[in-house]
Asks: 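Here it is: the structure, laid out below.
Heavy-atom basis, side chains included; hydrogens, waters and symmetry copies ignored. Every chain is numbered from 1, with letters handed out A, B, ... down the list of sequences.
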Amino acid sequence: MSEHNLFDADTLQLLDEVREEGYDPYPPKYFPTHQAAAILSQFSDLENTSVTIAGRVITKRLHGKAGFAHLLSGGTKIQIYFRKDNLDEDTFHLVKKRVNVGDIIGITGDVFKTHTGEITVSVSACTLLSKALSPLPEKFHGIENVEVRYRQRYLDLIMNEDVRKTFQMRSAIVRSIRETLHHEGYMEVETPTLQDIYGGALAKPFTTHHNALDQDFYLRIAPELYLKRLIIGGFDKVFEIGKAYRNEGISVNHNPEFTLMELYEAYGNYETMMEISEKLIMGIRDSVLQKDTIEYRGKTINLSVPFRKMRLADAFEEFAHVDIVKLQDEQYAKEYLKKEKIHIDKSLCWANIVDEILKKKVEPHLSNPTFLYEYPLPLSPLAKKTSLQSQWVERFQLIMGSLEVGNAFTELNDPVDQQDRFLAQNEAKQHGDEEAHSFDRSYIEALKFGLPPTGGLGFGIDRIVMILTGSESIRDVLLFPQLRRREP
RNA sequence: GGGGCAUUAGCUCAGUCGGUAGAGCAUCUGCCUUUUAAGCAGAGGGUCGAAGGUUCGAGUCCUUCAUGCCUCACCA
């Protein structure tokens, strides 16, 4: 074996032997008549009838002139049984000697129940469909090395049923969200992930380059500003489910690329966004979970409507025992932070202080779905103020299992105010805030044509899936999480 | 980026005080016609993550590096 030859002599010889015996290790086609899951669920109809199924051999138990194996077929395990009496010599030899754990085979046979009551297919014909040249991990412990699980996720999926379940649930959750939104009259759209100016969130972007235009582009940190352009264009209810990219740390709650659902509704506001948030979560509860409570990180989460609603200021009062307005006073804020042993590296502006206390002191108390609403203006350059001179914006975050899973506001549609906010962000950027929002000229040009009063909502799909599947790490809900390049 | 822990057969893991590299599963050879972590008997399989160092002698001790996990920092 070498860098460009992954096969040793023994492996190639094995293939030769299989071919010499007349079996094609990689035949061109095979058509099963049944799914394993259907055979298990419709046993009474199928008992003693012949079926053709295909799948990967994951266990094999030989008993001399008979044997059992389990096939993993369409994600479902089903047992097969073979005995010398029922098979011609070639087929028996194939099943007994040449079919190994890991191989993909197709079999035909009658459905029956064994003495122990397991639904089983009794083999009358067998075809090798794909010879495995690498052995599967050990059957009992499966695969526990997390690096292998992430880098070779296919092995994880073959070996670990609960991992398959998690990703099936993820698919069902996303499907439920789509169905709820279609039912509510939203149109699904796609907007650019390669953007000239990144915006819609406060985060550091990935940068790339387009050769023909000789121009740098950014991978989007959020789809927000394009979706709002569509509201201006007259699509009154739109949503997008797609990846966003943020060039920041990796942790159990963060991956550089993650899936965001954003929706916008003309003539809505942050309160109507609360209603649609509840509908989305309830839709998942009823169609996917089919239960009212879930356990997450040692706490019980109760999924029932209406969700708790708390003004952010009241939550600060109740959980952090601090007056959020007085935190604008630097001396007061410093004393509080010192007392609570909270350390902030960034500049000690109101926005950063509030954000930090929110994460450290408030969110840990919020397991049940809770809308925290009315946020400080400096944290929210795209949200509408509660009143003309207010320092507050009509915004909420949906907290579940102590994680921020949703974020919504009444969209800022006053183009002059938006320009002022961008200018303030520009100032912050010049003072070293790398995450400050860029001044987006073409977005203000769009707003000048009139954005109707609009509500917008974003859901962190990965975090919602984490909570609802009981996954400790975001990596457990991403099929291929980001890892460092492996050095040869 | 800081700190801690880990890396031994395809997989899961032992390896004592520094003294010839081990088990189970998987693979191969026998036996076994209702098993399911099947069983019994045997065989093959290793650059102990990499590179240096200490030592008569290193899987074991030291240094550096790589990768992973945890944690802190960063992070809507």
Side-chain angles (χ1 to χ4, degrees), chain A residues 8 10-11 14 17 57-70 77-87 92 96-97 100-102 112-118 120 122 132-152 155-156 158-159 200-204 221-222 224 244 246-256 258 260 343-346 351-352 354-356 358-359 363 372 375 379-382 395-399 403-409 434-435 437 458-460 463 472-475 481 483-488:
Chain A
D8 58 32
D10 288 352
T11 303
L14 171 72
E17 283 172 20
V57 178
I58 52 170
T59 62
K60 192 181 171 194
R61 296 172 293 282
L62 282 179
H63 301 274
K65 298 183 181 62
F68 290 89
H70 274 104
K77 267 198 310 192
I78 188 163
Q79 182 168 256
I80 63 171
Y81 173 63
F82 57 94
R83 50 191 291 158
K84 200 168 181 198
D85 305 350
N86 295 347
L87 298 169
F92 186 70
K96 185 177 176 186
K97 291 287 184 186
N100 288 338
V101 171
F112 76 109
K113 240 182 210 177
T114 62
H115 291 165
T116 57
E118 181 163 354
T120 302
S122 178
L133 302 180
S134 294
L136 288 181
E138 188 242 9
K139 62 189 166 192
F140 184 56
H141 296 90
I143 187 171
E144 294 186 355
N145 181 323
V146 287
E147 187 183 357
V148 176
R149 284 188 45 218
Y150 296 146
R151 286 195 197 277
Q152 295 176 271
L155 291 178
D156 197 24
I158 292 169
M159 302 305 294
L202 306 179
K204 284 174 251 176
I221 58 174
E224 172 153 348
R246 297 185 186 176
N247 204 341
E248 288 159 357
I250 295 175
S251 80
V252 288
N253 298 324
H254 298 84
N255 194 65
F258 63 101
L260 206 51
H343 180 71
I344 299 183
D345 277 345
K346 291 184 287 193
N352 288 345
V354 167
D355 202 33
E356 197 66 23
L358 173 63
K359 288 201 173 68
E363 288 176 0
L372 287 182
Y375 273 64
L379 272 175
S380 321
L382 301 162
R395 172 184 176 185
F396 72 79
Q397 289 196 310
L398 174 59
I399 316 291
L403 284 176
E404 298 165 11
V405 299
N407 182 28
F409 31 89
E434 286 184 85
E435 280 129 33
H437 206 290
F459 265 15
R463 288 187 179 178
E472 291 290 321
S473 166
I474 194 169
R475 291 178 163 190
L483 299 172
R484 195 182 297 264
R485 177 186 300 147
R486 191 171 47 167
E487 297 299 327

Asks: Need the glycosidic conformation of B:C17: syn if within 90° of 0, anti if not. Which one?
Replies: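 In terms of base orientation relative to the sugar, B:C17 is syn.
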Asks: Side chain of A:K60, backbone of A:K96: donor and acceptor closer than 3.5 Å?
Replies: yes
Asks: Quick one: which of B:U67, B:A76, B:C11 gets closest to the side chain of A:P137?
Replies: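 Closest nucleotide to the A:P137 side chain: B:C11.
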Asks: Which is true for A:T59 with a 4.0 Å heavy-atom rule: it touches a base, it touches only sugar-phosphate, or it touches nothing?
Replies: nothing
Asks: Closest to the A:D355 side chain: B:U12, B:G10, B:A76?
Replies: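 Closest nucleotide among those given: B:A76.
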Asks: Any donor-acceptor pair, under 3.5 Å, between the side chain of A:E118 and the base of B:U34, if you only look at N and O atoms?
Replies: no
Asks: Are A:Q397 and A:Y375 side-chain neighbours, meaning at least one heavy-atom pair lies under 4.5 Å?
Replies: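 They are in contact (side-chain heavy atoms under 4.5 Å apart), so the answer is yes.
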Asks: Between A:N100 and B:C28, is there a contact of a side-chain N or O with OP1 or OP2 at under 4.0 Å?
Replies: yes
Asks: Expressed as a whole number of angstroms, how long is the span from A:I143:CD1 to B:C13:C1'?
Replies: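 My rounded result for the distance is 15 Å.
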Asks: Within the 4.0 Å heavy-atom criterion, would you say A:E138 contacts the bases, only the backbone, or no part of the nucleic acid?
Replies: base
Asks: Could you verify whether a donor N or O on one side chain and an acceptor N or O on the other, from A:E144 and A:H141, lie under 3.5 Å apart?
Replies: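 There is no such pair (donor and acceptor under 3.5 Å, judged by atom type) between the side chains of A:E144 and A:H141.
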Asks: Does any nucleotide pair with B:U7 by Watson-Crick or G-U wobble geometry, both distances under 3.5 Å, and what is it?
Replies: B:A66
Asks: Which nucleotide, B:U36, B:A26, B:C74, lies nearest any side-chain atom of A:P135?
Replies: B:A26
Asks: By the 4.0 Å heavy-atom rule, please label A:G142 as base, sugar-phosphate, or nothing.
Replies: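 Sugar-phosphate only.
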Asks: With a 3.5 Å limit on both atom pairs, tell me what B:G39 is paired to, counting Watson-Crick and G-U wobble, or say none.
Replies: B:C31
Asks: Of A:K359 and A:G67, whose nearest nucleotide on RNA chain B comes first from the 5' end?
Replies: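 Result of the comparison: A:G67.
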Asks: For the C1' atoms, the ones on B:A6 and on B:G44, what distance do you get once it is rounded to whole angstrom?
Replies: 30 Å
Asks: Expressed in angstrom and rounded to an integer, what is the separation of A:I78 atom CD1 from B:U36 atom P?
Replies: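 Distance check: A:I78 CD1 to B:U36 P gives 19 Å.
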Asks: Please state the P separation for the pair B:U63 and B:G18 - nearest whole angstrom.
Replies: 16 Å
Asks: To the nearest Å, how far apart are A:R61 CZ and B:C31 P?
Replies: 21 Å
Asks: Report yes if the ring of A:H115 lies under 5.5 Å from the six-membered base ring of B:U34 with planes under 30°, and no otherwise.
Replies: yes
Asks: Identify whether any heavy atom of A:V148 sits under 4.0 Å from a base atom; if not, whether one sits that close to sugar-phosphate; answer base, sugar-phosphate or nothing.
Replies: nothing
Asks: Nearest to the A:V146 side chain among B:U34, B:A76, B:G68, which nucleotide is it?
Replies: B:G68
Asks: Between A:T116 and A:T114 (side chain of the first, backbone of the second, donor and acceptor by atom type, cut-off under 3.5 Å), is there such a pair?
Replies: no
Asks: I want to check something: taking the side chain as every heavy atom from C-beta on, are A:P381 and A:L202 in contact at a cut-off of under 4.5 Å?
Replies: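 Result yes, sub-4.5 Å side-chain heavy-atom pair found.
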Asks: How many whole angstroms separate atom CZ of A:F140 from atom P of B:G10?
Replies: 22 Å
Asks: Looking at B:G45, which nucleotide sits across from it as a Watson-Crick or G-U wobble partner, both distances under 3.5 angstrom, or is there none?
Replies: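 Pairing partner, where one exists within any strand: none, as none qualifies.
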Asks: Quick one: are A:Q152 and A:I143 in side-chain contact, heavy atoms under 4.5 Å?
Replies: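 No - every pair of side-chain heavy atoms lies 4.5 Å or more apart.
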Asks: Using a heavy-atom cut-off of 4.0 Å across all strands, would you classify A:L155 as base, sugar-phosphate, or nothing?
Replies: nothing
Asks: Mind checking A:N253 for me? I need base, sugar-phosphate or nothing, with any heavy atom below 4.0 Å counting as a touch.
Replies: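 Nothing, no nucleic acid heavy atom in range.
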Asks: For A:D156, is there any backbone N or O sitting under 3.5 Å from a side-chain donor or acceptor partner on A:R149?
Replies: no
Asks: Specify the separation, in whole Å, of atom CE of A:M159 and atom C1' of B:A37.
Replies: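 The answer, rounded to whole Å, is 11 Å.
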Asks: Who does B:G22 pair with, Watson-Crick or G-U, both distances under 3.5 Å?
Replies: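 Across all strands, the one nucleotide that pairs with B:G22 is B:C13.
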Asks: Looking at B:G30, I'd like to know if its phosphate oxygens (OP1 or OP2) sit under 4.0 Å from a side-chain N or O belonging to A:K97.
Replies: yes
Asks: Nearest whole angstrom, please: distance from the P of B:A76 to the CG of A:L202.
Replies: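 For the pair A:L202 CG and B:A76 P, the rounded distance is 7 Å.
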Asks: So do A:H70 and A:I78 actually touch side chain to side chain, heavy atoms under 4.5 Å?
Replies: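 A:I78 does not reach A:H70 side chain to side chain.
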Asks: Mapping A:K96 and A:T120 to their closest nucleotides on RNA chain B, which lands nearer the 5' end?
Replies: A:K96
Asks: Could you tell me how far B:G49 sits from B:U55 if I compare only their C1' atoms? Round to whole Å.
Replies: 23 Å
Asks: Give the minimum heavy-atom separation between A:K359 and A:E404, together with the two atoms involved.
Replies: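 Looks like CE-OE2, 3.8 Å.
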Asks: Hunt down the Watson-Crick or G-U wobble partner of B:G57, both distances under 3.5 Å, from any strand shown, or write none.
Replies: none
Asks: Just compare B:C74, B:U34, B:A76 and give me whichever is closest to any side-chain atom of A:R83.
Replies: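 Closest nucleotide among those given: B:U34.
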Asks: Which nucleotide in the list B:U35, B:A76, B:U33 gets nearest to the side chain of A:Q79?
Replies: B:U35
Asks: What's the gap between B:G2 and B:C62 when it is taken at their C1' atoms, as a whole Å value?
Replies: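 Result for the C1' pair: 22 Å, nearest Å.
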Asks: Is a donor-acceptor contact shorter than 3.5 angstrom present between the side chain of A:H141 and the base of B:C11?
Replies: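 Under the 3.5 Å cut-off, the side chain and the base do not form any donor-acceptor pair.
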Asks: Rounded to whole Å, please give me the gap between CG in A:N145 and C1' in B:G10.
Replies: 13 Å
Asks: A:L136 near the nucleic acid: base, sugar-phosphate alone, or nothing, with a heavy-atom cut-off under 4.0 Å?
Replies: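 The answer is nothing, as A:L136 stays clear of every strand by at least 4.0 Å.
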Asks: Which nucleotide, B:G68, B:U34, B:U35, lies nearest any side-chain atom of A:T116?
Replies: B:U35
Asks: A:E435 has a side chain; which of B:U36, B:A76, B:U33 sits nearest to it?
Replies: B:A76
Asks: Say you pick atom P in B:A9 and the same atom in B:U60; how far apart are they, in whole Å?
Replies: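 Each nucleotide's P atom is 15 Å from the other's.
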Asks: Among B:U33, B:U12, B:U35, which nucleotide has an atom closest to any side-chain atom of A:E144?
Replies: B:U12
Asks: Check the distance between B:C72's P and A:I250's CD1 and give it to me in whole angstrom.
Replies: 17 Å
Asks: Look at all strands and tell whether A:R395 reaches a base, only sugar-phosphate, or nothing, counting heavy atoms closer than 4.0 Å.
Replies: base
Asks: Could you work out which one of B:C32, B:U34, B:U36 sits closest to the side chain of A:F112?
Replies: B:U34
